[in-house]
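If you're wondering where the values come from, they're calculated on a predicted model, not measured in any experiment.
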Amino acid sequence: DNSIEPYSNGFIVNQNAITNLNVPEDGNNTVAASSGFGTSAIYDSIYAEGVHIIVGIGGKVGVSVDGEVFTLVDAGFGTSDVRGIAHNGVDRFVIVGAGGKVAYSTNKGATWTLGNSGVTSTLFDVVYGNGKFILIGTGSRTSVDGATWTASTYPEAMGYLISYVGGYFIAGGYSNG
């Protein structure tokens, strides 16, 4: 399915190929945005604090104030994939990805500081709710600041996505059992 789904503030990502970014031109058409990712996959996106941030394959992180032209920034992941991004609703973005890497930004994604997740396996997603960030991969971990993480009792199985809805954390994944 190559459907185009709306994101916050008029930002649109092609959900399947997820190498294309589009922004609304009028009620019926979209125009391509300049992500800076080329043909690299975009895994996640967010709009908060007046900026759009996209993350993806090969350690790429793009920041935009208009959702049309993105500037690539170095988040310290090297070529390790960045899989998820979350915001605390105030002033902090957190990203997670391959090799257990985590980083946070307090200046709208302009610069990133690496944290320590305490794991080396891929982290697939991160969410903020109820005063804390929760990341998910093989198991889960929690943090109040995105820098220091502790083991969590939330999802025990392999998880690929996590959301915070109506006061509840909802995780999805699979089990080989």
Side-chain angles (χ1 to χ4, degrees), residues 2-25 29-128 133-137 141 143 145-149 160-163:
N2 283 325
S3 62
I4 296 176
E5 299 292 332
Y7 275 68
S8 60
N9 204 30
F11 187 54
I12 299 173
V13 177
N14 179 308
Q15 290 291 295
N16 192 23
I18 52 178
T19 57
N20 302 321
L21 279 174
N22 298 290
V23 292
E25 180 180 50
N29 300 301
T30 61
V31 294
S34 176
S35 71
F37 277 43
T39 59
S40 296
I42 300 164
Y43 286 131
D44 204 359
S45 65
I46 196 167
Y47 177 80
E49 291 188 64
V51 296
H52 300 273
I53 301 179
I54 55 175
V55 298
I57 201 165
K60 290 185 177 160
V61 176
V63 180
S64 174
V65 294
D66 62 8
E68 294 182 33
V69 178
F70 286 79
T71 301
L72 295 181
V73 297
D74 182 0
F77 276 49
T79 58
S80 297
D81 293 352
V82 185
R83 300 297 301 247
I85 185 167
H87 187 264
N88 69 354
V90 181
D91 63 355
R92 189 171 294 249
F93 291 91
V94 170
I95 57 175
V96 300
K101 290 185 178 176
V102 297
Y104 63 91
S105 174
T106 57
N107 59 4
K108 300 181 181 185
T111 60
W112 296 85
T113 303
L114 289 173
N116 181 3
S117 71
V119 300
T120 57
S121 59
T122 296
L123 304 171
F124 291 101
D125 204 3
V126 61
V127 69
Y128 184 84
F133 291 97
I134 296 183
L135 59 77
I136 193 164
R141 303 185 69 78
S143 174
D145 61 8
T148 305
W149 297 82
Y160 284 108
L161 57 95
I162 187 165
S163 295

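- Atom-to-atom distance recorded for I85:CD1 and I46:CD1 is 5.5 Å, nearest 0.5 angstrom.
- The minimum heavy-atom distance between W149 and V126, with the atom names listed, is CH2-CG2, 4.2 Å.
- In this structure, the side-chain contact (heavy atoms from CB on, under 4.5 Å) partners of A147, at least two apart in sequence or on a different chain, are Y104, D145.
- Contact record, F37 with G62: CE1-N, 3.9 Å, taken as the closest heavy-atom pair.
- Here the shortest heavy-atom pairing between S40 and K60 reads OG-NZ, 3.0 Å.
- The heavy-atom pair separating F133 from G146 by the smallest distance is CD1-N, 4.1 Å.
- Rounding to the nearest 0.5 Å places CZ of R92 at 10.0 Å from OH of Y128.
- Judged by a 6.0 Å distance limit and a 45° cone about the ring axis, R83 is not positioned over the six-membered ring of F124.
- Partners of V63 by side-chain contact (heavy atoms from CB on, under 4.5 Å), not counting sequence neighbours, listed by chain and number: V51, I53, V73.
- In this structure, the side-chain contact (heavy atoms from CB on, under 4.5 Å) partners of V119, at least two apart in sequence or on a different chain, are S117, S121, L123, R141.
- When V96, D125, I95, I54 are each tested for a side chain to side chain contact (heavy atoms under 4.5 Å, CB included) with D44, only one passes: D125.
- Closest approach of A103 to A75, counting heavy atoms only: CB-O, 3.9 Å.
- Annotation: side chain to side chain donor-acceptor pair (under 3.5 Å) contacts of T111 (sequence neighbours excluded): N107.
- Not a single donor-acceptor pair under 3.5 Å links the side chain of T120 to the backbone N or O of G100.
- Minimum interatomic distance between G109 and F93 (heavy atoms only, all atoms of both residues): N-CD1, 4.3 Å.
- We find the CD1-OG distance between I57 and S80 to be 11.0 Å, quoted to the nearest 0.5 Å.
- Applying the side chain to side chain donor-acceptor pair (under 3.5 Å) test to every pair with at least one member in residues 70-79, sequence neighbours left out, gives no pairs at all.
- Under the ring pair (Phe, Tyr, Trp, His ring centres under 6.0 Å) criterion, F77 pairs with no residue, sequence neighbours left out.
- Of the possible polar contacts, none joining the D81 side chain to the G56 backbone as a donor-acceptor pair under 3.5 Å is found.
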